[in-house]
2 protein chains.
Amino acid sequence: MPLPQTEIPGRLQAYFSERGIRMTQQRRAILQVMETASKHLDAAQILRKAKKIDPSVDRSTVYRTLKLLKRNGLIDELDLMHIHGEGHYYERKVNRDHIHMACLRCGKIMEFVSDIFENLKQQVEKDCRFKIMVSRLEIGGYCTACRAQQ
Amino acid sequence: MPLPQTEIPGRLQAYFSERGIRMTQQRRAILQVMETASKHLDAAQILRKAKKIDPSVDRSTVYRTLKLLKRNGLIDELDLMHIHGEGHYYERKVNRDHIHMACLRCGKIMEFVSDIFENLKQQVEKDCRFKIMVSRLEIGGYCTACRAQQ
DNA sequence: ACGCTTATTGCAATCCGTCGCATCTAGCAC
DNA sequence: GTGCTAGATGCGACGGATTGCAATAAGCGT
Ligand SMILES: [Mn+2]
Ligand SMILES: [Mn+2]
Ligand SMILES: [Zn+2]
Ligand SMILES: [Zn+2]
């Protein structure tokens with residue numbers, strides 16, 4: 001216990017303690033990784049980063065914690081159109097939903113916020129009488145640069 | 001060779017011969033499964049069904065053929081919000097794109113066709129100057145029935 | 001501070017998808 | 001029909017993700 005772990009708990013840790021979800025050294029490490037990630041980490045990257053904080057973190061704990069975060073709507077799970085293999089990517093859920101676009105040629109990932117997307121979700125809730133908890137729109141295609149060079 | 005295999009080739013088989021893609025006994029079986037599927041089969045189900053038509057079909061051939069079909073835009077790959085495990089589901093691509101909704105409580109999968117979805121894709125193509133090849137909108141939440149019984 | 005209870009963890013076994021390689025076969029030229 | 005050749009297949013090995021289980025530790029009551 002080198003440092004007082006309670007300072008700057010971060011939003012994810014705060015959510016855990018509010019909800020009475022048990023906090024462990026391993027979870028603290030994984031949460032910190034997710035909090036500070038610039039974006040779109042896969043499980044292997046998360047494990048590697050978490051091990052740097054707490055070397056005892058095991059692969060299975062990473063998966064279990066990701067599942068927990070997902071269940072609580074704190075992270076989103078993405079395929080990114082499986083551009084780089086079959087695995088999944090994770091990112092901290094932010095205020096506004098965004099669309100992910102993946103270029104099938106150069107592999108670049110782009111994000112896009114759209115009011116029409118919000119309208120669409122409202123339509124689904126109304127017309128299908130379906131209460132939306134999580135949504136994911138992924139698009140594969142060709143980015144401007146790649147279209148230019150054919 | 002009990003039956004003449006060339007009759008009623010089906011659209012997928014037709015596409016293959018038009019494009020000069022080699023047709024094998026194993027592919028014929030897998031394509032037949034995809035053609036006749038009512039919907040949303042995972043790889044294990046596809047393998048089992050294909051084996052009934054041609055017992056020699058191997059797991060790896062199923063995956064390789066699914067990848068081929070995907071590359072050619074003939075099938076869509078879905079997560080269905082990972083309601084039943086982490087695997088993927090496959091369905092024959094039809095004329096109009098549709099949204100998939102998965103009930104987090106009863107597991108029911110619903111489909112929905114929406115003009116607003118089409119508008120949204122047009123917006124992405126225009127505003128992001130991105131050429132869309134494939135898109136996938138999946139929504140998790142609660143269906144009418146499950147909302148009723150809370 | 002200490003002990004109790006129960007959720008969480010690491011580990012090993014297992015399951016599922018992928019890949020390299022030797023063999024086989026579809027499709028074509030004759 | 002026969003033989004040729006590139007492409008496809010089955011098989012086995014591999015690597016990533018999941019799960020059961022015994023050991024561990026978080027958090028609470030005292
Ligand atoms: Mn996926
Ligand atoms: Mn569908
Ligand atoms: Zn690109
Ligand atoms: Zn339901």
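Proteins get letters first, then strands, A, B, ... in listed order; numbering begins at 1 in each.
Close to D/dG10, at under 4.0 Å from its OP1 or OP2, lies no side-chain N or O of B/Ser60.
For B/Glu138 (side chain) and B/Leu80 (main-chain N/O), a donor-acceptor pair under 3.5 Å exists by modelled atom type.
The heavy-atom pair separating B/Val113 from B/Asp97 by the smallest distance is CG2-O, 4.1 Å. Nearest heavy atoms, B/Phe16 versus B/Met23: CD2-CE, 3.5 Å. Nearest heavy-atom pair, A/Gln149 versus A/Arg105, reported as atom, atom and distance to 0.1 Å: NE2-NH1, 3.4 Å. Pairing each heavy atom of B/Met110 with each of B/Cys143, the nearest pair is CE-CB, 3.9 Å. Across every non-hydrogen atom of A/Ala29 and A/Ala50, the tightest pair is CB-O, 3.9 Å.
A donor-acceptor contact under 3.5 angstrom links the side chains of B/Arg64 and B/Ser60, judged on distance only. Side chains of B/Tyr15 and B/Arg11: no donor on one and acceptor on the other come within 3.5 Å.
The ring-ring contact (aromatic ring centres under 6.0 Å, His included) pairs that include a residue from residues 33-57 of chain A are A/His40-A/His100, where partners are two or more places apart or lie in different chains.
Rounded to whole Å, atom C1' of C/dC15 lies 14 Å from atom CG of B/Leu47. Look at NE2 on A/His88: it is 17 Å from C1' on D/dG15, rounded to the nearest Å. Here the C1' atom of nucleotide D/dG27 and the CZ atom of A/Phe16 are 16 Å apart, to the nearest Å. The CZ-C1' distance, from A/Arg27 to C/dA7, rounds to 8 Å in whole Å. Remark: P of D/dG16 and NE2 of A/His84 are 17 Å apart, rounded to the nearest angstrom.
For the segment residues 52-59 of chain A, residues with any heavy atom less than 4.0 angstrom from an atom of DNA chain C are, sorted by number, A/Ser56, A/Val57, A/Asp58. Residues from residues 64-74 of chain A with heavy atoms under 4.0 angstrom of DNA chain D, sorted by number: A/Arg64, A/Lys67.
Out of C/dG10, D/dT18, D/dG10, the shortest distance to the side chain of B/Glu86 is found at D/dT18.
Residues satisfying the ring-ring contact (aromatic ring centres under 6.0 Å, His included) criterion with B/His84, sequence neighbours excluded, are absent altogether.
When hydrophobic side chains of Ile, Leu, Val, Met, Phe, Trp and Tyr are connected at separations under 4.5 Å, A/Val94 ends up as a singleton with no cluster partners.
Comparing B/Ile21 and A/Ala43 by the nucleotide of DNA chain D that holds the closest heavy atom to each, the one mapping nearer the 5' end is B/Ile21.
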Might you list the N or O atoms of the protein lying below 3.5 Å from N or O atoms in nucleotides 23-26 of chain C, with each pair's distance?
unit_1 : atom_1 : unit_2  : atom_2 : d
C/dA26 : O3'    : B/Met23 : O      : 2.9
C/dA26 : N3     : B/Arg22 : NH1    : 3.4

